[in-house]
Amino acid sequence: PYPLGYRATIGHLTPSHDEGYGPYEFRVMSPEGVVTLPTSVMVRSLTRDDLLTASENAVASAKMLATARVDLINYIATATCFVLGNEGEAELVRRIEDATGIPATAGGISVVKALEFFGAKKILCYTPYTEAIAAIEREYFEKAGFTIIGETNRTFVNPADVTRVDPYEILADIVALWKAHPDAEAVFCVGGCFRTLEVVDKIAPVRTDWNDKPTTPVKMKTVELIEG
């Protein structure tokens with residue numbers, strides 16, 4: 001009896017290398033009455049120059065989303081947000097809002113809100129990044145008030161390869177990372193195309209063994225914060 005998106009229609013600016021897993025996750029996690037509409041932003045590689053170029057393309061892609069009369073625009077490319085830096089990311093959000101007249105947010109900002117929701121300050125990161133991009137990511141989080149006490153970087157240059165990683169391989173890596181840093185307060189699995197949704201529920205029993213510290217399925221919590 002109700003039209004699609006009767007509660008909200010959320011536009012996602014998605015890296016072009018995403019082969020469908022990112023939009024799939026958002027559809028699965030969206031509550032009834034919420035529709036998510038993806039539009040691609042060109043991302044050729046996980047290098048600084050290409051990521052900066054992607055941020056310039058984001059405004060044009062946001063204008064396309066605006067024609068669908070979405071209620072919010074979410075630029076989910078966290079790597080680009082890290083490269084822009086805290087202030088640069090906020091400026092990009094303002095540019096998208098100015099160009100479209102629609103409220104906007106971005107990946108880094110949403111992750112910070114999710115970690116703050118959990119009250120986590122000491123975090124672990126599991127990333128697809130090279131060391132050069134991981135160093136930029138660490139600086140971003142430090143400026144936002146967090147400390148990365150442990151990290152695993154898979155060093156993919158071609159971001160399309162990220163979806164090829166078996167989710168149980170991701171689970172094993174995250175468990176090993178956390179056991180090496182038992183004082184961590186949350187884990188952030190970076191990169192929208194890691195197949196984390198398939199194993200988030202498998203992490204919960206391990207979390208109980210580790211004194212109920214919150215395993216952070218940040219993509220899921222980010223959706224809840226944006227859409228709730």
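The basis for the numbers below is simple: all heavy atoms, side chains too, and nothing from hydrogens, waters or symmetry mates.
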Flag the pair [X] / [Y] as yes when at least one side-chain heavy-atom distance between them is below 4.5 Å, and no otherwise.
X      : Y      : answer
Tyr140 : Val112 : yes
Ile76  : Phe26  : yes
Leu124 : Ile149 : yes
Ile170 : Tyr126 : yes
Phe194 : Glu25  : no
Glu137 : Thr78  : no
Tyr75  : Val93  : no
Thr36  : Arg27  : yes

Less than 3.5 Å apart, which donor and acceptor atoms pair up between the side chains of residues 58-70 and the rest of the protein, not counting sequence neighbours?
{"unit_1": "Ser61", "atom_1": "OG", "unit_2": "Ser40", "atom_2": "O", "d": "3.0"}
{"unit_1": "Ser61", "atom_1": "OG", "unit_2": "Asn57", "atom_2": "O", "d": "3.4"}
{"unit_1": "Thr67", "atom_1": "OG1", "unit_2": "Met64", "atom_2": "O", "d": "2.6"}

Going from [atom1] on [X] to [atom2] on [Y], what distance comes out if it is rounded to the nearest 0.5 angstrom?
X      : Y      : atom1 : atom2 : value
Phe82  : Glu139 : CZ    : CD    : 12.0 Å
Asp166 : Arg195 : CG    : CZ    : 6.0 Å
Leu72  : Thr100 : CG    : OG1   : 9.5 Å
Tyr129 : Thr152 : OH    : OG1   : 14.0 Å
His12  : Asn74  : NE2   : CG    : 5.5 Å

Exercise. Output every pair passing salt bridge (Lys or Arg N to Asp or Glu O under 4.0 Å) with a member in residues 95-111, not counting sequence neighbours, ordered by first then second residue.
Key: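 The answer is Glu56-Arg95.
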
Practice problem: Give a yes or no on whether the backbone of Gly150 and the side-chain of His181 come within a donor-acceptor separation of less than 3.5 Å. | Solution: no

Work out which heavy atom in [X] is nearest to a heavy atom in [Y]; give both atom names and the distance.
X      : Y      : result
Gly119 : Glu185 : O-OE1, 4.1 Å
Gly5   : Val35  : N-CG2, 3.2 Å
Cys125 : Phe141 : SG-CE1, 4.2 Å

Residues in salt bridge (charged side-chain N to carboxylate O under 4.0 Å, His left out) contact with [X], at least two apart in sequence or another chain:
X      : value
Asp71  : none
Glu91  : Arg94
Lys121 : none

Quiz item: With a cut-off of 6.0 Å (strictly less than), are more than 12 heavy atoms of other residues, nucleotides or ligands near OH of Tyr24?
Solution: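 Counting neighbours around OH of Tyr24, 12 or fewer heavy atoms of other residues, nucleotides or ligands fall under 6.0 Å, so no.
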
Quiz item: So with a 6.0 Å cut-off around CD of Glu131, is the heavy-atom count from everything else above 12?
Solution: yes

Practice problem: State which residues pass side-chain contact (heavy atoms from CB on, under 4.5 Å) with Ala172; sequence neighbours excluded, sorted by chain then number. | Solution: none

Practice problem: Tell me whether Leu92 is reachable from Met42 by hopping between hydrophobic residues (I, L, V, M, F, W, Y) whose side-chain heavy atoms are closer than 4.5 Å. | Solution: no

Practice problem: Could you point out which residue of Ile123, Thr127, Leu177 forms a side chain to side chain contact (heavy atoms under 4.5 Å, CB included) with Glu151? | Solution: Thr127

